[in-house]
Amino acid sequence: MNQPQKPIHFALTTPLYYVNDVPHIGSAYTTMAADAIARFHRLQGKNVLLITGTDEHGQKIQRTAQSQNIEPQQHCDKIAARFDDLWQKLNIQYDRFSRTTAPKHEKIVKEFFERVSNNEDIYLDRQQGWYCVSCEEFKDERELTSEKHCPIHTNKKAEWRDEENYFFRLSKYQDRLEHLYATRPDFIQPPSRRNEVLSFVKGGLQDFSISRINMDWGFPIPVNPEHTIYVWFDALLGYVTALLDPEDDPTLEKALKNAWPINLHLIGKDILRFHAVYWPAMLFSAGLEIPDRVFGHGFLTKNGRKMGKTTGNTIDPFDLVDRYGADAVRYYFLKEIEFGQDGDFNENRFVTVLNADLANDLGNLLNRTLGMAKKYCQAQVPDLTGEAIATDNPLKNQGIAITPKVIQAYEALNFTQACEHIFDLIRACNKYIDEQAPWSLYKQKQQDRVEQVLYAVLESVRLSAYLLAPIVPDLSQKVYQQLGFSADFNNPTCLNEQLQFEQHSAWGILPPKQVLQKAKPIFPQLELSEE
RNA sequence: UGCAGCGUAGCACAACGGCAGUGCGCCUGGCUCAUAACCAGGAAAGUGUGGGUUCAACUCCCAUCGCUGCAACCA
């Protein structure tokens, strides 16, 4: 028998990214945030399931593949691999990579469709109108430009379509959705996004089409193979398929057995409606529970301007990681951009922020302190414990105070605030060293005081690194290593065995006389590199 | 056009109706343990604009300008 699995305590998803093109910075942003949240929960000893993946069906994919003279599946495989590459580079620890072209996914979609259909929520109707292939959507005539071009894809002409489609009876769920929003005010976050959804729903819901005709890259509608299931109905269910263990039969029952409902869907604000309106309605129809929370984060700009391939104003995530490293990229986007709001990427600012926080405030702090420990304490942690440090020691007090604040910030997905609390402590350490001037105390032969000071600083650095680990795991790892720990923040087993939260999130646990390693800059100062 | 939000030092953000703060940058000084680092002091906004309520307004109200988001199937 297999060992009984620990139940999932926290399941979260990124979107299943559309494989129309190689991953862009927006996908990376969502995924970095998701990974930080996942790591935060794992740090607390929870069994976490982080789901990401790719959405691979639709006419756009079909046509893209065609234009390159390859099979759609070949194209999908190629692009999906690129996503995975980027996640490796960014040190993303996902648990499931769900692809909508997976055979087991088809089974799940079919079963789900039948449930919804049996509930009489699917019907056939005629749809006429202008269709943008790039959006895979029907457009209102008034939305289009005078040349009948889609407003989003201004280089593409919309096509006139007159076809029969299957529709999902979204309108039926108007009341239940409104009740959901009213009774669970935290379901949609942040509040500004919630308001948008509320006002949208208040305007009255119309049924939406869930199939396309004349398109074969996708799953056929079970009752009518002439029709292909439209991307959203298919893609959202990828979250369910992802829950299947490898040995499971692909049934809804199996999929939902241990991690349903999902605790958090993390998405960009552009796909909020699908997750906050369509998705819960689909789940209502199928009789499934609703996820706990949907968080729509903001969009990124570059140098204050909208990003876009047509304007050439883009950020290549691969290039950014290659030039600056995963921790730097993760830190900038999570700390420097308020999560939920739009934010800007500016390379100048990127470099100054990283140098100020990671190289100078934190990196140099560790470096200078280890230097003193080597000179004054034989490269060992002073023979003290946290308890031996005076109760009025400012670092001790601040160290004790920050953990609950940081936890709260992480739980609210407020990475900026979590970092700010941590860096308050780090800056306090630098100030404390200056005030205490251990080098003078040493010359005055006040060894006891030197040791008190260094212990308090080393321990505060340790705590800071521990609390930063969800955001900059490799950096935290280096700090811990130099402080004489062997545990690895990237290794889940270590988290449970050597880095337990109750112990390491407390101030004062640095083991007396632990042998310190050689000081080596954990984060070298960056220089603004040429693009 | 309708609904929502935003507009605060050079930049990015903060401020239960009660002395407008923080980080980056800038100037001056200090220190020497340290990654030209760190610490201290300073210059710099009177809060888009015009009214109103109040003993007191960045905060509440009205108007106005500017920007952003949403308004049916777009990461």
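Every chain is numbered from 1, with letters handed out A, B, ... down the list of sequences.
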Are A/I337 and A/Y29 packed together at the side-chain level, in the sense that at least one heavy-atom pair is separated by less than 4.5 angstrom?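 The answer is yes; the side chains approach within 4.5 Å.
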
Counting only heavy atoms not in A/Q444, do more than 12 sit closer than 6.0 Å to its CD atom?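 Correct, the count exceeds 12.
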
Rounding to an integer number of Å, can you tell me how far [X] [atom1] sits from [N] [atom2]?
| X | N | atom1 | atom2 | answer |
| --- | --- | --- | --- | --- |
| A/R368 | B/rU35 | CZ | P | 11 Å |
| A/I433 | B/rU32 | CD1 | C1' | 12 Å |
| A/R449 | B/rC33 | CZ | P | 17 Å |
| A/L362 | B/rC24 | CG | P | 14 Å |
| A/Q525 | B/rA36 | CD | C1' | 8 Å |
| A/D344 | B/rC13 | CG | C1' | 13 Å |
| A/L334 | B/rA12 | CG | P | 20 Å |
| A/R427 | B/rA40 | CZ | P | 11 Å |

Hey, does [X] reach any base, or is it just sugar-phosphate, or nothing, if we go heavy atoms under 4.0 Å?
| X | answer |
| --- | --- |
| A/S192 | nothing |
| A/Y29 | nothing |
| A/I522 | base |
| A/Y376 | sugar-phosphate |
| A/I271 | sugar-phosphate |
| A/P521 | base |
| A/G203 | nothing |

Integer angstrom distance from the [atom1] of [N] to that of [M]:
| N | M | atom1 | result |
| --- | --- | --- | --- |
| B/rG42 | B/rU8 | P | 25 Å |
| B/rC58 | B/rU1 | C1' | 31 Å |
| B/rG10 | B/rC27 | C1' | 14 Å |

Is it the case that A/K269 places NZ or CZ above or below the six-membered ring of A/F299, under 6.0 angstrom from the centre and within 45 degrees of the axis?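 Satisfied, under 6.0 Å and within 45°.
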
A/F318 six-ring face occupied by A/R82 cation (under 6.0 Å, within 45°):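 Satisfied, under 6.0 Å and within 45°.
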
Could you tell me if the ring centre of A/F295 sits under 6.0 Å from that of A/F339?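 Close enough - the centres of the two rings lie under 6.0 Å apart.
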
Is the distance between the ring centroids of A/H297 and A/F333 under 6.0 Å?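 No, too far apart.
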
Out of [options], whichever nucleotide has its closest atom nearest the side chain of [X]:
| X | options | result |
| --- | --- | --- |
| A/W439 | B/rA75, B/rC33, B/rU35 | B/rC33 |
| A/D434 | B/rG30, B/rA75, B/rC24 | B/rG30 |
| A/F274 | B/rC33, B/rU35, B/rA75 | B/rA75 |
| A/D361 | B/rC38, B/rU35, B/rG69 | B/rC38 |
| A/F299 | B/rG69, B/rC13, B/rA75 | B/rA75 |

Judged by each residue's nearest nucleotide on RNA chain B, which is more toward the 5′ side, A/A356 or A/E435?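 Between the two, 5'-proximity favours A/A356.
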
Distance test, side-chain N/O of [X] to OP1/OP2 of [N], below 4.0 Å:
| X | N | value |
| --- | --- | --- |
| A/N195 | B/rA4 | no |
| A/K431 | B/rA40 | yes |
| A/N360 | B/rU35 | no |

Answer yes or no: is there an ion pair linking A/K335 with A/D357, defined by an N-O contact shorter than 4.0 Å?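 A salt bridge links A/K335 with A/D357.
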
Salt bridge check, A/R293 against A/D186: does any charged N sit closer than 4.0 Å to a carboxylate O?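 No salt bridge links A/D186 with A/R293.
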
Mind checking who [N] pairs with, Watson-Crick or G-U wobble, both distances under 3.5 Å?
| N | result |
| --- | --- |
| B/rA63 | B/rU49 |
| B/rC13 | B/rG21 |
| B/rC33 | none |
| B/rC3 | B/rG69 |
| B/rU28 | B/rA40 |
| B/rU54 | none |

As a test of the definition: with a 90° window around 0 for syn, would you call B/rG52 syn or anti?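 Classified anti.
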
